[in-house]
Amino acid sequence: MSSTPSPTSATTLTPTTAPLPREFYLRDTAVVARDLLGSMLVRRYGGQSIMGMIYETEAYGHRDDPASHAYRGVTKRNKVMFGRVGISYVYFTYGMHFCFNVTARNPEYADAGAVLIRGLIPIRGMDIIMKNRGTTDTRILTDGPAKLTQALNIKREQYGVDLTGRGGLYIASGDGCHDVSSYAVVRSPRVGIRKATDRLWNFKLQSPGTRRQATA
DNA sequence: ATGAAGATGAACT
DNA sequence: GTTCATCTTCATT
């Protein structure tokens, strides 16, 4: 990923920290995924504050989406995908990694759905992020779904957390931080899955002036 | 009880 | 581009 927005360009202004309201997540999951680009993931614990701007997301649907955890119906793991929207869905994968999603769906036709957060640009709490990640290489701090959970200390305890309040973990509007409208949004097939590759449900912000990459 | 796949990352060639 | 570290979840026996 050579064309992601740079950390320095996003830290020029102070962002708002107002949580996105519940209604934000009561829309088509893919629309929510796209609209989350440019918003802020906020983490507070131990008296410290970490914030990152979301630049890559992925939508996962309900029973009609064979790539989704919700495809085969409710299980102990995925039950929050069928509950209230705006809730944290954290799951463990590959024996060592956590991934972070926010539940979202249009209740008119979907009974489940979630948006996987795949990439952040660090905005605040760089020292804590580096400590949590065990590296000072700013290029690789939060550029993957499991890297960002490690960077923000998101684990099983954050399963089911309400992301619409000012708690220890929430998502805020990015208003005032960065003019996202100046970025292109690139749509691609979802990463690491082999089903439903015709759905372009991976969304990425791309810096202005960067050539759009071919996406099969 | 058991097995296979998996929404991954790091290190290496 | 390849390999491996490593284990939960779910489906099947």
Return the nucleotide paired to C:dT6: Watson-Crick means purine N1 to pyrimidine N3 with N6-O4 or O6-N4, wobble means G-U with N1-O2 and O6-N3, both under 3.5 Å.
-> none

N/O (side chain, A:His69) to phosphate O (OP1/OP2, C:dT9) under 4.0 Å = no

Please check the phosphate of B:dA10 (OP1 and OP2 only) for any side-chain N or O of A:Arg133 closer than 4.0 Å.
-> yes

Would you indicate, yes or no, if C:dC10 has its OP1 or OP2 atom less than 4.0 angstrom from a side-chain nitrogen or oxygen of A:Lys76?
-> no

Base of B:dG6 and ring of A:Tyr94 stacked, centres under 5.5 Å, planes under 30° | yes

Are A:Arg22 and A:Asp162 within salt-bridge range, i.e. N to O under 4.0 Å?
-> yes

Between atom CD1 in A:Ile193 and atom P in B:dA7, what is the gap in whole Å?
-> 7 Å

Return the 5'-most residue of the pair A:His97, A:Arg156 with respect to DNA chain C, ranking by each residue's nearest nucleotide.
-> A:His97

Reckon A:Arg118 has a side-chain N or O less than 4.0 Å from the OP1 or OP2 of B:dT8?
-> yes

Figure out the OH/C1' separation between A:Tyr91 and B:dA5, and round it to whole Å.
-> 13 Å

Gap between atoms CZ and C1', on A:Arg77 and C:dA11 respectively (whole Å) | 13 Å

Strand partner of B:dA7, provided both Watson-Crick or wobble distances fall under 3.5 Å | none

Could you tell me the separation between the CZ atom of A:Arg72 and the C1' atom of C:dT12, rounded to a whole number of Å?
-> 12 Å

